[in-house]
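Here's the structure, in structure tokens; my notes come after.
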Amino acid sequence: MSTGKRKRYWLMKSEPEDFSIDDLERVGTEPWTGVRNYQARNFMRDGMQLGDGVLFYHSNCAVPGVYGIAEVASSTYPDPTQFQRKSKYFDPKATPEEPRWMLIDVGFVRKLARPVTLEAIRGRSAALGEDFALIRKGSRLSVLPVTAAQWKILLAMEPK
DNA sequence: GCCAACGTTGGC
DNA sequence: GCCAACGTTGGC
């Protein structure tokens, strides 16, 4: 439950062919539709607070890595696509009275001059620690928490 | 495009 | 509740 006021940090993955940091810059704010993993949903629903920091990560591309900074730009609300019969994210078991999938809006903050690549991140795995889900073996979470210390390390890695 | 790792589904 | 089958993720 999000009771505190302290800013939290997250990493959110997106396939750039689908929605990139440039797309986010263009639209400014984007509802993060389509998450259909309970763990990722729980982070959005129970953990995120307005203003939290987000590392915008490009996955499934030539050079995976963090390409920009974003922020949590709304409180949590039901993902509208779960009710849209024609959407590929339609969930027949969800109803407006009992929505299954919750999301937040992601707001653009800035692009990194150059990405902090997955390769570079792996190179700092000792400093980042075992609990960093991005580089944990087999982890495929698309929304995951980042500690303040990890956030600091990752942004300090931004190539000038 | 391949495929390992993972999550979900559904029969039993 | 088990677990095989299936679909998805995401690095390479």
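So you know, we letter chains A, B, ... as the sequences are listed, proteins then strands, and number each from 1. Everything numeric here is computed off the predicted structure, so don't read it as measured data. We use all heavy atoms of the structure for the numbers below, so side chains are in, but hydrogens, waters and symmetry mates are not.
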- Answer with base, sugar-phosphate or nothing: what part of the nucleic acid does A/Ile135 contact at a heavy-atom distance below 4.0 Å? nothing
- Message: Please confirm whether the shortest side-chain N or O distance from A/Lys137 to OP1 or OP2 of B/dA4 is below 4.0 Å.
- Response: no
- Is it the case that A/Asn60 and A/Glu17 place a side-chain donor and acceptor less than 3.5 Å from each other? no
- Query: A/Asn60 has an atom CG; how far is it from atom C1' of B/dC3, in whole Å?
  - Reply: 13 Å
- Message: Tell me the interatomic distance from A/Arg100, atom CZ, to B/dT8, atom C1', rounded to whole angstroms.
- Response: 10 Å
- Task: Quickly work out the A/Tyr38 OH to B/dT9 C1' distance and round it to whole Å.
- Result: 11 Å
- For C/dG10, take OP1 and OP2 only and decide whether either is under 4.0 Å from a side-chain N or O of A/Lys13. yes
- So does A/Arg41 pair up with A/Asp46, basic N to acidic O under 4.0 Å? no
- May I ask you to check whether A/Tyr77 and A/Asp105 show a side-chain donor-acceptor distance below 3.5 Å? yes
- Find the distance A/Asn37:CG to B/dA5:C1' and express it as a whole number of Å. 13 Å
- Roughly how many Å is it from NE2 in A/His58 to P in C/dG10, rounded to a whole number? 13 Å
- Message: Under 4.0 Å between a side-chain nitrogen and a carboxylate oxygen: does that hold for A/Asp79 and A/Arg100?
- Response: no
- Message: Below the 4.0 Å mark, does C/dT8 have OP1 or OP2 next to a side-chain nitrogen or oxygen of A/Tyr89?
- Response: no
- Task: Could you tell me the separation between the CE atom of A/Met12 and the P atom of C/dT9, rounded to a whole number of Å?
- Result: 15 Å
- Query: Which word best sums up how the rings of A/Phe56 and A/Trp32 line up, parallel for under 30°, tilted for 30 to 60°, or perpendicular for over 60°?
  - Reply: perpendicular
- Query: Between atom CZ in A/Arg36 and atom C1' in C/dG10, what is the gap in whole Å?
  - Reply: 19 Å
- Item | 5'-most by nearest nucleotide on DNA chain B - A/Lys93 or A/Gln39 | A/Gln39
- Would you kindly check whether a donor in the side chain of A/Arg140 faces an acceptor in the base of C/dT8, or vice versa, at under 3.5 angstrom? yes
- Message: I need the NZ-P distance between A/Lys88 and C/dG7, as an integer number of Å.
- Response: 16 Å
